[in-house]
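Here's the structure, in structure tokens; my notes come after.
Hydrogens, waters and symmetry mates play no part in the numbers below; they use all other heavy atoms, side chains included. Counting starts at 1 for both ligands and their atoms, in listed order.
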Amino acid sequence: MTLWAGIEAGGTKFVCVLGKGPENIIAETTIETRSPKETLSDVIGFFKNQQEQFGPVKAIGIGTFGPVDLDPDSPTHGYITTTPKQDWTHTNLVGMLKKEFHVPVGIDTDVNAAALAENLWGAAIGLDTFIYLTIGTGIGGGGMINGKLVHGLLHPEMGHILIPHNKVDDPFPGICPFHGDCLEGLACGPAIEKRWGVNPNELPPEHRAWELEARYLAMGLVNYICTLSPQRIIMGGGVMQQQQLFSLIRKNVSALLNSYLNLPAILYHIDDYIIPPELSKKAGVLGALALAMEASKDKVINP
Ligand code: ADP
Ligand code: ZN
């Protein structure tokens, strides 16, 4: 059976898997993110070792933090571009792996990769327009529109949308280095931590923080619903471990839409419309595996 390599490249860790399919993962490792050279030499070492034991991989897939150049015609395709993680700026992720393994390398954002996995094997099977959001160290979003992973000018940066911020209710200025109080600046994990002065996983479920968090996230969702018309919204990431957020978000989305979208999915089945990932924490790395499978078809994914 064909072997694939998947890499979920994150700001704190790289998760690497070798597998024959989503339910047939042969080896997995987690590598702490340091400089590109140190991190990638560990990644390459892991796959080389595995290849000695199990044979060559047919292709490699990467779901990465960004921003990343995904334009197949660009000379810097597969490069990390202007990331706040400065030593990663202009890192040629795809090129470094191609040089070592001489196989096709597919790349997309971490959230598009997770969306692809959910579409193939999880909560978005059979859907052609949906979004996948992660609420963690940052806020990111990706997904499919009409059956294609969404790209465009670069790729969506759904965390950086601007939403109403009532500074009387919530004087916290936000933490986005670029925008201050964009959605990510107000509602990512580190923003919750800074606003309330405690780690968000220590805030009790009934704390006022969660109602405020749900309101901000719901504002984001209403914007995505009105612009992209997703058939489903999948919400993952560390902050969404707070299960009570789902019902609070659904309630706020309904209230904000105010019966404008008169649709059964929103009016009667919102519990099935705004949901956690079915592949839970594995969505990202399984998505990377799926990107490897697509890359081996020798075509650019969703150009
Ligand atoms: P990353 O975004 O780096 O991939 P995560 O999705 O795990 O990682 O997000 C990390 C963020 O989520 C941190 O800000 C952390 O405080 C927050 N977080 C992690 N677990 C929980 C939890 N159980 N409840 C609330 N917040 C959490
Ligand atoms: Zn921002």
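Taking only nitrogen or oxygen atoms, main chain and side chain alike, Q241 does not reach within less than 3.5 Å of ligand 1. Remark: ligand 1 and E193 share no N or O pair separated by less than 3.5 Å (distance only, no angle test). The distance criterion of under 3.5 Å between nitrogen or oxygen atoms is met by G238 with respect to ligand 1.
Seen from the Zn ion (ligand 2), atom ND1 on H160 and atom ND1 on H179 lie at an angle near 110° (rounded to 10 degrees). Computed with the Zn ion (ligand 2) at the centre, the C182 SG to C176 SG angle is 110°, stated to 10 degrees.
Of all the atoms in ligand 1, the ones that sit under 4.0 Å from a non-hydrogen atom of G237 are 6 (O). Residue P190 approaches ligand 1 through these ligand atoms, each under 4.0 Å from one of its heavy atoms: 14 (O). Residue contact check: P200 has heavy atoms under 4.0 Å from atoms 16 (O), 25 (C), 26 (N) of ligand 1. Every atom of ligand 1 is numbered from 1 in the order shown, and the set under 4.0 Å from a heavy atom of N199 is 16 (O). Close approach of ligand 1 to G189 (heavy-atom distance below 4.0 Å) involves ligand atoms 14 (O).
Legend: residues meeting salt bridge (charged side-chain N to carboxylate O under 4.0 Å, His left out) with K37, ordered by chain and number and at least two apart, are absent.
The CD atom of E184 lies 11.5 Å from the CD1 atom of I163; values are rounded to the nearest 0.5 Å. Of the inter-residue distances, the one linking E38 atom CD with S35 atom OG reads 3.5 Å to the nearest 0.5 angstrom. For the atom pair CG (L286) and CG (L120), the distance works out to 10.0 Å, reported to the nearest 0.5 Å.
In this structure, L149 and M144 approach most closely via the heavy-atom pair CD2-CG, 3.8 Å. Contact between S296 and P104 at its shortest, heavy atoms only, is CA-CG, 4.2 Å.
Summary of contacts: the protein heavy atom closest to atom 1 (P) of ligand 1 is T137 OG1, 3.4 Å. Looking only at heavy atoms of the protein, atom 24 (N) of ligand 1 is closest to Q242 NE2, 2.8 Å. The protein heavy-atom contact nearest to atom 9 (O) of ligand 1 is G136 CA, 3.2 Å.
With H151 as reference, D108 is the one residue of D108, T109, D71 to meet the side-chain hydrogen bond (donor to acceptor under 3.5 Å, both in side chains) rule.
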task: Kindly indicate, with the supporting measurements, whether the criterion ring pair (Phe, Tyr, Trp, His ring centres under 6.0 Å) is fulfilled by W88 and F14.
output: CA-CA 13 Å; W88 282 83; F14 275 49; 5.5 Å; yes
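When distances from atom 4 (O) of ligand 1 to the protein are checked, no heavy atom turns up under 4.0 Å.
For F54, the CZ atom is densely surrounded, since the number of other residues' heavy atoms within 6.0 Å is greater than 12.
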